[in-house]
Amino acid sequence: MTGTTVGLLIVIIAYLVMMVTIGIVYSKKNKNVSDFYLGGRKLGPIVTAMSAEASDMSSWLLMGLPGLAYLCGIAEAGWTAIGLAIGTYLNWLIVAKRLRRYSVKAGNAITLPEFFSNRYRDKSHALLAISAIIIVIFFVPYTASGFAACGKLFSTLFGVSYLPAMIVSAVIIVAYTSLGGFLAASTTDLIQSIVMTAALVIVVIFGIRTAGGIGAVAENAASLEGYITMFASHNAADGTSTPYSLLTIVSTLAWGLGYFGMPHILLRFMGIENEEKLKTSRRIASVWVVISMAIAILIGIIGYSMSKAGAIDVLEGSSQAETLIIKVAMLLSNHGILAIVMAGLILAGILACTMSTSDSQLLAASSSVSQNLLHDCFHINLSQKASMVMARVTVIIIAVISVILAQDPNSSVFKIVSFAWAGFGAAFGPVMLFALFWKRSNRNGALAGMIVGGVMVFVWKFLVAPMGGIWAIYELLPAFICASISIVVVSLVTAPPSKEIVKEFESI
């Protein structure tokens with residue numbers, strides 16, 4: 001192991017030790033299950049904003065998005081980023097305050113399934129059970145994508161086998177999450193968002209310099225067919241381009257719809273201490289998201305020029321392209337001690353992206369199993385101490401399943417995240433919006449929308465989209481529309497909600 005590698009390892013280990021320490025510190029503040037899963041609703045505006053967005057971005061911000069731009073140009077990555085930016089702002093604007101208020105009013109719900117169940121007074125617990133199962137179904141592969149990103153990082157960096165590298169990463173994430181719960185996850189997310197931002201800036205500055213300046217970057221990008229236009233996608237394999245139709249643009253923008261159904265983001269809205277401070281959170285979150293995604297796309301474009309200049313190898317295929325930022329960090333580390341520290345910060349940023357999302361997903365999935373299924377549905381009553389133990393054990397079990405699913409080193413982080421994002425967006429997004437804004441919606445409509453949205457994601461992804469042509473669109477858009485229609489139709493043809501439910505809705 002070279003001196004450079006040792007230096008990078010020291011920086012990364014110091015970062016990981018700090019994360020686990022935070023978990024240990026906050027483990028003493030978790031007095032009950034509510035504290036573990038929602039932090040007692042004590043988050044400040046800055047922590048709320050940055051933890052929500054850090055948990056949102058995941059490893060695709062520093063790996064998936066730059067890799068996509070590197071291979072295909074700015075169209076798909078750009079429209080995806082625009083959709084996400086709009087979705088972020090609207091989610092904070094129309095959902096955050098109302099959900100914070102309503103979740104307290106509806107039986108002080110501490111999880112998303114519990115909110116749906118309490119909102120519609122579902123005594124059968126069908127909403128609770130189905131939503132909890134959906135969370136586990138889509139969060140396990142989502143978490144697996146994060147573990148895979150960490151495995152790729154350490155495998156590429158230190159030349160070790162992918163599997164043990166991935167497992168060690170998973171153990172670190174599980175350690176501080178199972179110890180500190182929601183408060184630890186939110187606090188580490190704030191730190192991780194800062195580290196991500198620093199990593200993005202360092203890569204851009206070093207990359208432009210290495211590629212020969214901003215002029216060379218622009219010239220190289222312009223030389224590729226369909227690379228720097230928002231209305232065509234570059235084909236790296238043969239150097240041609242494919243037109244980006246209006247339908248494709250709309251379906252790509254539909255990424256923004258996913259925000260309305262993301263449990264790990266919505267929980268941040270529920271956990272803020274003062275709903276009046278959400279305006280501050282919204283501004284911070286929206287600005288950070290726009291800037292960070294724009295820089296991530298720019299990194300992909302710069303990466304192509306670095307390859308052309310011979311600074312890094314040409315990266316082929318999505319799996320290789322997603323290691324772009326790791327290649328840049330390794331190149332930077334060859335320029336002295338300060339460069340090693342900065343390179344270590346970049347690599348820590350990749351870990352930050354992954355860990356900030358994985359910890360939140362583990363908590364959401366754990367709460368669905370231990371709190372919603374075991375306690376609420378099956379009425380397994382445990383003491384506070386036993387409930388805390390069960391919550392932590394559930395985190396570990398879900399992590400183990402995710403590790404098993406992440407064994408393939410060739411899996412694409414962007415593609416896995418894309419599918420899981422569609423699943424949550426379609427299954428929960430319409431239900432959340434109608435629950436908050438349509439008082440005529442009822443339990444049957446919510447249940448129908450949840451099931452139709454979740455099932456349609458699978459149907460469109462694996463049966464309809466492969467037909468090609470106009471059918472080859474992002475599965476979130478058709479699934480979201482079908483779920484919304486189901487909620488409206490079923491709610492109107494079944495009995496209206498009770499006066500008690502309507503009165504509570506109107507009070508919000």
Side-chain angles (χ1 to χ4, degrees), residues 57 60-86 197 199-253 255-256 289-332 335 346 412-415 418 472-474:
M57 286 296 111
W60 79 274
L61 177 65
L62 292 186
M63 297 182 73
L65 199 58
L68 184 65
Y70 176 93
L71 288 178
C72 307
I74 67 172
E76 184 173 355
W79 288 116
T80 299
I82 292 172
L84 290 172
I86 294 172
T197 304
L200 286 166
V201 173
I202 291 171
V203 171
V204 167
I205 295 173
F206 175 73
I208 290 175
R209 180 182 175 185
T210 306
I214 192 68
V217 171
E219 184 179 340
N220 290 331
S223 68
L224 295 177
E225 184 178 328
Y227 198 79
I228 56 171
T229 172
M230 292 293 284
F231 301 100
S233 180
H234 176 71
N235 301 320
D238 56 13
T240 61
S241 65
T242 304
Y244 227 64
S245 67
L246 178 61
L247 180 61
T248 305
I249 290 173
V250 172
S251 75
T252 307
L253 285 171
W255 270 81
V289 163
V290 170
I291 294 174
S292 63
M293 289 192 295
I295 293 176
I297 294 172
L298 180 59
I299 287 172
I301 299 171
I302 294 170
Y304 170 73
S305 289
M306 294 180 71
S307 292
K308 193 167 183 178
I312 59 174
D313 297 332
V314 176
L315 306 174
E316 299 178 353
S318 58
S319 183
Q320 277 195 31
E322 288 176 349
T323 64
L324 168 63
I325 198 166
I326 302 175
K327 302 288 187 183
V328 175
M330 293 301 292
L331 183 64
L332 173 61
H335 293 75
I346 294 171
S412 168
V413 172
F414 188 87
K415 291 179 181 178
S418 171
I473 61 177
Y474 185 31

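It should be emphasised that the depicted structure is a prediction, and the values quoted were computed from it without experimental measurement. We number each residue from 1, following the sequence as shown.
Taking 4.5 Å as the limit, every side-chain heavy atom of Gln320 sits out of range of all side-chain heavy atoms of Val314. The side-chain heavy atoms of Thr80 and Glu76, taken from C-beta on, include a pair separated by under 4.5 Å.
Considering CD1 of Ile302 and CD1 of Ile214, their distance stands at 6.0 Å, rounded to 0.5 Å. Interatomic distance, OG1 of Thr248 versus CD1 of Ile473, reported as 8.5 Å (0.5 Å rounding). Residue Met330 holds its CE atom at 11.5 Å from OG1 of Thr323, rounded to the nearest 0.5 Å. Here the SG-CG distance, from Cys72 to Leu224, works out to 11.5 Å after rounding to the nearest 0.5 Å. Atom CD1 of Ile208 sits about 10.5 Å away from atom CD1 of Ile301, to the nearest 0.5 Å. Between Ile325 atom CD1 and Ile299 atom CD1 the span is 4.5 Å, to the nearest 0.5 Å.
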Practice task
Begin with the C-alpha distance, continue with both residues' side-chain angles, and end with the deciding distance and a verdict on side chain to side chain contact (heavy atoms under 4.5 Å, CB included) for Asn235 and Glu225.
Solution key: CA-CA 8 Å; Asn235 301 320; Glu225 184 178 328; over 6 Å; no

Handout entry: Chi angles and distances behind the side chain to side chain contact (heavy atoms under 4.5 Å, CB included) call for Ile312, Leu324
Key = CA-CA 9 Å; Ile312 59 174; Leu324 168 63; 3.5 Å; yes

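Listed by first and then second residue, the ring pair (Phe, Tyr, Trp, His ring centres under 6.0 Å) pairs that reach into residues 205-228 are Phe206-His335, Tyr227-His234, Tyr227-Tyr304, sequence neighbours excluded.
In this structure, the ring-ring contact (aromatic ring centres under 6.0 Å, His included) partners of Tyr474, at least two apart in sequence or on a different chain, are Trp255. With sequence neighbours left out, Ile82 forms a side chain to side chain contact (heavy atoms under 4.5 Å, CB included) with Trp79, Ile86, Met230, Leu253.
The minimum heavy-atom distance between Ile297 and Ala77, with the atom names listed, is CD1-O, 3.5 Å. Nearest heavy atom pair, residue Ala232 against residue Tyr244, reads N-CB, 3.6 Å. Contact detail for Ala211 and Ala216: the closest heavy-atom pair is O-CB, 3.6 Å.
The closest donor-acceptor contact from the side chain of Ser307 to the backbone of Asp313 lies under 3.5 Å. Side-chain N or O atoms of Tyr70 include one that pairs as donor or acceptor with a backbone N or O of Leu315 at under 3.5 Å.
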